[in-house]
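Below is one structure, written out as structure tokens; comments come after it.
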Amino acid sequence: MELAINKTGLEGQIEVPSDKSISHRSIMFGAIAQGKTTIKNFLRGDDCLSTLKAFQDLGVKIEDDGTTIIVHGTGFSGIKQAKQAIDVGNSGTTIRLIMGILAGRPFATELFGDHSIAKRPMNRVMLPINQMGATCSGHDGTEFPPLTVCGTEQLQPIHYQMPVASAQVKSAILFAALQAQGESTIIEKERTRDHTEDMIRQFGGEITVSGKEIRIKGPQKLTGQEVYVPGDISSAAFFLVAGLIIPNSKITLTNVGLNPTRTGILDVIEQMGGKLTIQETGNKQNKAGTITVETSTLKGIEISGEIIPRLIDELPIIALLATQAQGKTIIRDAEELKVKETNRIDAVANELAKMGANIEPTEDGLIIHGKTNLHEAQVTSYGDHRIGMMLQIAALLVKSGTVELEKAEAISVSYPAFFEDLNKLYQ
Ligand code: S3P
């Protein structure tokens, strides 16, 4: 598709789409809880719809009138053997979190997805849940999907020091631990997004978190709840950056979820000298706010260490931001980017370099020298939604010619109305 180029003066207000991580979990918690869960503001992106369909395949009654989703949960025992293999599409969150739920169910399930899913590492989930008593195996003796998960009702608790900083892995272990007999302990490598812990509490469960150590007793029964899904800061990120780098712009984003395990990008913008104001609108449990950004003069910084999991999904768009900052930006400790929907270190470096950026991939991140002018090019999303959206924001800076994006359709994974929302900003 041909992308919009050469824009200035972006102005207006956008209500960002609902949070992807929380939307997935709202269906999962609704399914394993007893009673009715009502979900408002669910994200109708391809990934979350894969989760909805997967739980219907697993025998859970889920109603959807187009506005509200109602999940009729009957506890873990309401998760029944599917009649066919479950298709998770492009969704790593769906496949990894479901594995933790299926670990405690006494039957076999086959899970598969698209080309990208077939390359995502799964030992990180299979090893701990197999240690708890499940039997999972990948395709042809590898760790890759299609996978088979054989669960057991006799799951053992686990004491697990996580080798990777991953909320998906942590969440899968927590779902298994909720079904195990006894207390499990998980020690995180770095603190990662804590929506699963929050929702265990919201659904009436008990969990103790102290720094990087999490304790949880099983078995536990959860109770259906009303869930309102806030906006996704990972989707807001594309317009935050657009507002900062496109000349004469001022953009306001409403209903942005501000869970502190997700707000690393706001810290980065402040450190780079970006003009940003936040007005908090949510409550203590569900922090949310209205964020306004304006075109700014930016400077390069170093991004590494414990902030990385707090902005892991935003690194492609942060790399673009760095191409428009004066001086050098170094991103380190982000080797996890290599195993996302695509290898995001290579994808970001290749595609932005085609457009004229001075950007170098490293073993665990990127080095970017700014500020550079970007020019026309033929680019690809590699089928990765966040690479596609980043490239459209980059194209807005291109003065002439055409920017052609291959595999633009991937964007509907997390932000189906992305192009419509962008259009609103240049009237
Ligand atoms: C997610 C966790 C992160 C993130 C992904 C969503 C989640 O993945 O990149 O987009 O909802 O738990 P990892 O757990 O692999 O870091």
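Numbers here simply count residues along the sequence, with the first being 1. In each ligand, atom 1 is the first atom listed, and ligand 1 is the first ligand listed.
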Can a donor-acceptor pair be found between the side chains of [X] and [Y] at a distance below 3.5 Å?
| X | Y | value |
| --- | --- | --- |
| Thr51 | His24 | yes |
| Thr292 | Thr252 | yes |
| His369 | Glu360 | no |

Below 3.5 angstrom, do we get any N/O pair linking [X] and ligand 1?
| X | answer |
| --- | --- |
| Val169 | no |
| Ser166 | yes |
| Asp313 | yes |

His195 heavy atom under 4.0 Å from ligand 1:
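It does not, in that no heavy atom of His195 comes within the 4.0 Å cut-off of ligand 1.
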Would you indicate whether the side-chain heavy atoms of Ser26 and Met199 approach each other to under 4.5 Å?
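Heavy-atom side-chain distance check passes, below 4.5 Å.
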Considering only heavy atoms from C-beta outward, does the side chain of Glu351 approach that of Ser381 to under 4.5 Å?
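Counting from C-beta outward, Glu351 and Ser381 never come under 4.5 Å.
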Could you check whether Phe144 and Phe112 have their ring centres less than 6.0 Å apart?
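Judged by ring-centre distance (under 6.0 Å), Phe112 and Phe144 do not meet the cut-off.
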Measuring from atom CG of Asp57 to atom CD of Gln84, what distance do you get when rounded to the nearest 0.5 angstrom?
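Between Asp57 CG and Gln84 CD, I get 5.0 Å after rounding to 0.5 Å.
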Side chain, backbone, both or neither: which part of Arg193 comes within less than 4.0 Å of ligand 1 when only heavy atoms are counted?
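Side chain only.
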Determine, considering heavy atoms only, which of Lys170, Arg96, Gln168, Glu341 sits nearest to atom 2 (C) of ligand 1.
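Answer by nearest heavy atom: Gln168.
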Where the closest heavy atom to atom 7 (C) of ligand 1 is concerned, which of Lys20, Arg25, Glu336 has it?
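It is Arg25 whose heavy atom sits nearest to atom 7 (C) of ligand 1.
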Which of the numbered atoms in ligand 1 are under 4.0 angstrom from any heavy atom belonging to Ser21?
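Once the distances to Ser21 are compared, the set is 6 (C), 7 (C), 11 (O).
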Where is the nearest protein heavy atom to atom 3 (C) of ligand 1: which residue, which atom, and how far?
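The answer is Lys340 NZ, 3.8 Å.
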